[in-house]
Amino acid sequence: MLESLTKNGKGLPVRFPLERIRNIAIIAHIDAGKTTISERVLYFTGRTYKIGEVDAGTTVLDWMPQERERGITITAAATTCSWRDHRINIIDTPGHVDFTAEVERCLRVLDGAVVVFDAVSGVEAQSETVWRQADRYRVPRICFMNKMDRPGADYFHSLQTIEQRLSAVPLPVQLPLGSEASFEGIIDLIENKAWRFEETPDSKPVEVPVPESEQEKVVKYRQLLIERLADFDEQIMVAYIEGNEITPDELKAAVRRVTLANKGVPTLCGSALRNKGIQTLLDAVVNYLPSPLDMPPTRGHDIDTKAEVLRMPSDDAPFLALAFKGVFDPFVGRLVYLRVYSGKISTGMQVMNSTRSKKERIGRLLLMHADHREDITEADTGAIVATLGLKHTFTGDTLSDPVQPVILEAIRFPEPVLSVAIEPSSRADQDKIGEALNRLTEEDPTFKVDYNSETGQTIISGMGELHLDIIVSRLLTDFGVKARVGNPQVAYRETITAPADVEGRFVRQTGGHGQYGHVRIRLEPAGRGGGFAFSDDTKGGVIPRSFVQATEAGIREAMTSGVVAGYPVVDVKVSLYDGSYHEVDSSELAFKMAGSMALKEGVRRGKPVLLEPIMRLEVVSPGQFLGDLVGDLNARRSHIQAIETEFAGMCIIRALVPLSETFGYTTILRSLTQGRATYTMEFAHYQELPEELANTIKARGKKNA
């Protein structure tokens with residue numbers, strides 16, 4: 001059972017059984033209408049008394065000043081509402097690729113998702129990114145074709161893009177009633193009914209006869225829906241083969257089973273801005289997306305035996321939760337967001353941070369409505385809550401019962417690709433900037449801060465220019481710190497291209513005990529994206545286990561700064577295969593130094609090269625500017641993968657382009673296309689830097705040294 005924000009007439013909390021809980025994310029490409037949909041959902045469920053608008057800066061979920069100023073979602077906002085006696089916990093996520101970490105951590109802890117598409121464009125670049133993220137966590141989802149009232153809206157083309165670009169199986173449970181300016185509602189293929197919506201939000205949907213002109217299309221797509229369900233659902237297959245009449249209830253149950261199995265995605269349509277289709281979307285969330293009981297048992301590992309542990313979603317099971325987000329609130333302090341997978345949590349309760357082996361005490365428990373907070377005394381299985389008072393818990397940490405501690409798989413985040421130097425504008429800001437940056441790194445796992453001792457500069461790194469621009473803006477608005485930033489710097493990497501066998505020997509003789517560490521290691525290229533792998537291939541105890549661990553620590557530390565230009569070393573396999581130690585003089589410090597020295601020498605002998613980040617770029621522009629855009633991209637060392645002709649004379653250019661060539665691209669794109677083109681960009685992979693440019697980077701690194 002779960003406590004909800006919904007109150008009865010006496011002001012007491014209403015409680016919902018687990019099967020009537022829905023934990024969902026709203027995900028999409030930027031500008032598809034996620035926040036507009038979220039605002040309508042809150043209004044139609046009675047959570048708010050007026051509808052907020054993105055353009056007017058009056059939305060509830062886009063509450064940060066930077067979000068309202070720019071008209072985009074920057075941070076995921078959580079809220080709670082109820083519909084048809086179901087509690088729906090919603091997280092509205094950003095659509096811009098610079099804030100993809102917000103989508104990543106939300107999909108990690110949520111049970112279902114609503115994927116929003118622009119009915120004019122269908123699947124766009126970031127649509128593919130969020131879809132892949134949902135695939136990674138096997139999150140069941142439904143699709144909503146938004147903006148059906150826009151010129152060029154094409155529901156059926158959008159269905160094709162889902163099949164072609166996402167390799168998914170859309171289950172059209174609705175068809176549009178009209179399109180573009182004539183769009184007025186939806187046709188329910190399951191119930192074989194049509195609903196018309198008025199633009200005024202307080203008007204209820206009106207059932208109308210299915211127009212004669214749409215009858216043939218309804219028969220065709222209802223048959224398609226049944227055939228696709230029969231491909232994946234045995235009950236529908238038997239009824240279909242035997243020629244039995246399939247009732248609406250049987251169809252709904254089959255759509256739910258296929259959706260929960262991640263074999264198909266129910267597809268709906270509407271226009272959030274015109275208040276059309278939101279009620280039927282809420283019905284679909286209740287009908288087709290999973291409750292916590294529909295999800296597989298949560299898999300973790302015992303922190304002592306490392307054995308796999310399965311936890312069923314039950315209030316009676318031992319407590320288990322994942323901290324998926326931490327934020328600094330200027331009024332109450334540091335908030336940690338939790339998803340409770342099993343058991344209960346209450347204020348004052350002691351729990352175990354299994355990730356860090358530290359005990360924590362729960363302070364206040366809060367139900368969040370964007371930036372508004374409501375105190376509660378306990379939260380049960382399936383809840384998404386925030387808590388105050390946790391000192392050692394950060395994003396990705398597991399909280400569990402102290403008697404039966406379990407650790408869950410942490411959340412993986414992409415590495416930052418862009419860096420700038422930052423310095424306080426005045427001496428008064430000097431003391432405050434360090435604390436402010438530390439708090440921001442706690443909130444955002446893709447934001448990194450490093451101090452370069454050689455240049456005396458503080459370097460901040462993020463996912464893109466917008467990401468770092470928002471960080472600097474927040475320093476001023478949230479922490480009152482004025483700062484200056486330098487020009488963007490690319491986060492290059494170093495790697496080896498040839499194997500190398502090297503020896504690391506650290507020997508120091510002092511008046512007392514000396515220092516002795518001796519290792520032999522083999523370095524091999526791990527392949528692009530292979531990361532770092534260390535193996536202990538020693539035999540016969542030539543190096544004690546504790547010294548092996550110290551050697552690995554020294555190697556890892558040495559990899560943070562390469563030999564070519566001081567950038568981190570990546571994609572290397574290291575094997576420790578021999579060495580020696582002294583009974584008296586050997587120490588962990590000595591072997592750590594020996595490992596570090598061996599790694600540096602191995603990289604020098606391994607024919608090191610510089611790697612640069614390559615971005616996946618998608619430009620949508622009127623076709624008349626195609627030649628200028630292609631010429632500009634060619635000048636930026638890009639590799640054009642495809643050019644597609646789309647709707648209304650628009651074209652799409654897909655290309656791979658080095659990050660270093662994209663700075664200031666927004667301004668250039670606007671000037672080339674009279675401000676009519678848009679683009680999205682995301683990290684694709686690292687690639688070897690051309691020799692001429694690599695020599696320039698090396699020379700700059702030596703100059704700085």
Contact summary for [X] and [Y], nearest pair of heavy atoms:
{"X": "Pro266", "Y": "Val255", "result": "CG-CG1, 3.6 Å"}
{"X": "Ala323", "Y": "Val336", "result": "CB-CG1, 3.7 Å"}
{"X": "Ala483", "Y": "Ile433", "result": "CB-CD1, 4.2 Å"}
{"X": "Gly300", "Y": "Leu408", "result": "CA-CD2, 4.0 Å"}
{"X": "Pro94", "Y": "Val103", "result": "O-CG2, 3.5 Å"}
{"X": "Gly595", "Y": "Ile555", "result": "O-CG1, 3.5 Å"}

Is the backbone of [Y] close enough, under 3.5 Å, to the side chain of [X] for a donor and an acceptor to pair up by distance?
{"X": "Asn146", "Y": "Ala272", "answer": "yes"}
{"X": "Asp111", "Y": "Pro290", "answer": "no"}
{"X": "Gln350", "Y": "Lys359", "answer": "no"}
{"X": "Arg40", "Y": "Ile51", "answer": "no"}
{"X": "Thr441", "Y": "Phe447", "answer": "no"}
{"X": "Ser400", "Y": "Val406", "answer": "yes"}
{"X": "Thr347", "Y": "Gly363", "answer": "no"}
{"X": "Asp571", "Y": "Gly529", "answer": "yes"}
{"X": "Arg47", "Y": "Val41", "answer": "no"}
{"X": "Thr355", "Y": "Thr398", "answer": "yes"}

Considering only heavy atoms from C-beta outward, does the side chain of [X] approach that of [Y] to under 4.5 Å?
{"X": "Leu282", "Y": "His86", "result": "no"}
{"X": "Asp536", "Y": "Thr551", "result": "no"}
{"X": "Tyr341", "Y": "Val109", "result": "yes"}
{"X": "Phe534", "Y": "Val548", "result": "yes"}
{"X": "Val351", "Y": "Phe319", "result": "yes"}
{"X": "Ser82", "Y": "Arg20", "result": "no"}
{"X": "Leu440", "Y": "Phe328", "result": "no"}
{"X": "Val115", "Y": "Ile142", "result": "no"}

Once rounded to the nearest 0.5 Å, what's the spacing between atom [atom1] of [X] and atom [atom2] of [Y]?
{"X": "Ile384", "Y": "Ile21", "atom1": "CD1", "atom2": "CD1", "result": "10.0 Å"}
{"X": "Thr80", "Y": "Arg22", "atom1": "OG1", "atom2": "CZ", "result": "14.5 Å"}
{"X": "His685", "Y": "Arg528", "atom1": "NE2", "atom2": "CZ", "result": "9.0 Å"}
{"X": "Asp444", "Y": "Arg105", "atom1": "CG", "atom2": "CZ", "result": "6.5 Å"}
{"X": "Lys325", "Y": "Leu338", "atom1": "NZ", "atom2": "CG", "result": "13.0 Å"}
{"X": "Ile27", "Y": "Gln133", "atom1": "CD1", "atom2": "CD", "result": "7.5 Å"}

Basic-acidic side-chain contact under 4.0 Å: [X], [Y]:
{"X": "Glu443", "Y": "Arg439", "value": "no"}
{"X": "Arg141", "Y": "Asp135", "value": "yes"}
{"X": "Arg108", "Y": "Glu409", "value": "no"}
{"X": "Arg356", "Y": "Asp397", "value": "yes"}

**Request:** Kindly indicate, with the supporting measurements, whether the criterion side-chain contact (heavy atoms from CB on, under 4.5 Å) is fulfilled by Ile88 and Val285.
**Result:** CA-CA 9 Å; Ile88 305 176; Val285 168; 4.2 Å; yes
**Item:** Arg136 CZ: over 12 foreign heavy atoms closer than 6.0 Å
**Value:**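 Yes, CZ of Arg136 has more than 12 neighbouring heavy atoms, counting only those of other groups under 6.0 Å.
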**Request:** Might you confirm whether atom NZ of Lys573 has over 12 heavy atoms from other residues, nucleotides or ligands at distances under 6.0 Å?
**Result:** no
**Item:** Of Val139, Asn23, Ile24, Leu289, the residue whose pairing with Leu110 passes side-chain contact (heavy atoms from CB on, under 4.5 Å)
**Value:** Asn23
**Asked** Which of these, Lys34, Glu102, Glu39, sits in a side-chain contact (heavy atoms from CB on, under 4.5 Å) with Asp92?
**Response**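 So, applying the side-chain contact (heavy atoms from CB on, under 4.5 Å) to Asp92 and each of Lys34, Glu102, Glu39, only Lys34 qualifies.
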**Asked** In terms of ring plane angle, is the pair Trp131 and Phe117 parallel, tilted or perpendicular, where the classes change at 30° and 60°?
**Response**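 Answer is tilted, since the angle falls between 30° and 60°.
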**Prompt:** Passes side-chain contact (heavy atoms from CB on, under 4.5 Å), Ile26 versus Ile91? Steps please.
**Reply:** CA-CA 6 Å; Ile26 300 181; Ile91 297 185; over 6 Å; no
Show the atom names and distances, to 0.1 Å, of all donor-acceptor pairs under 3.5 Å that link a side chain in residues 307-314 to residues at least two apart or in another chain.
| from | atom 1 | to | atom 2 | distance (Å) |
| --- | --- | --- | --- | --- |
| Glu308 | OE1 | Arg299 | NH1 | 2.9 |
| Glu308 | OE2 | Arg299 | NH1 | 3.2 |
| Arg311 | NH2 | Gln404 | O | 3.3 |
| Ser314 | OG | Asp316 | N | 3.1 |

**Message:** I'd like to check the side-chain hydrogen bond (donor to acceptor under 3.5 Å, both in side chains) partners of Glu128; sequence neighbours left out, ordered by chain and number.
**Reply:**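 With neighbours one apart ignored, the set is empty.
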**Asked** Are Ser291 and Asp294 close enough that a side-chain donor and a side-chain acceptor fall under 3.5 Å?
**Response**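 Yes, Asp294 and Ser291 have a side-chain donor paired with an acceptor closer than 3.5 Å.
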**Asked** Does the pair Asp401 and Leu320 meet the rule for a side-chain contact (heavy atoms from CB on, under 4.5 Å), with working shown?
**Response** CA-CA 7 Å; Asp401 188 316; Leu320 182 63; over 6 Å; no
**Message:** One pair to check against side-chain contact (heavy atoms from CB on, under 4.5 Å): Phe394 and Glu442. What are the steps and the verdict?
**Reply:** CA-CA 7 Å; Phe394 301 93; Glu442 289 180 14; 3.5 Å; yes
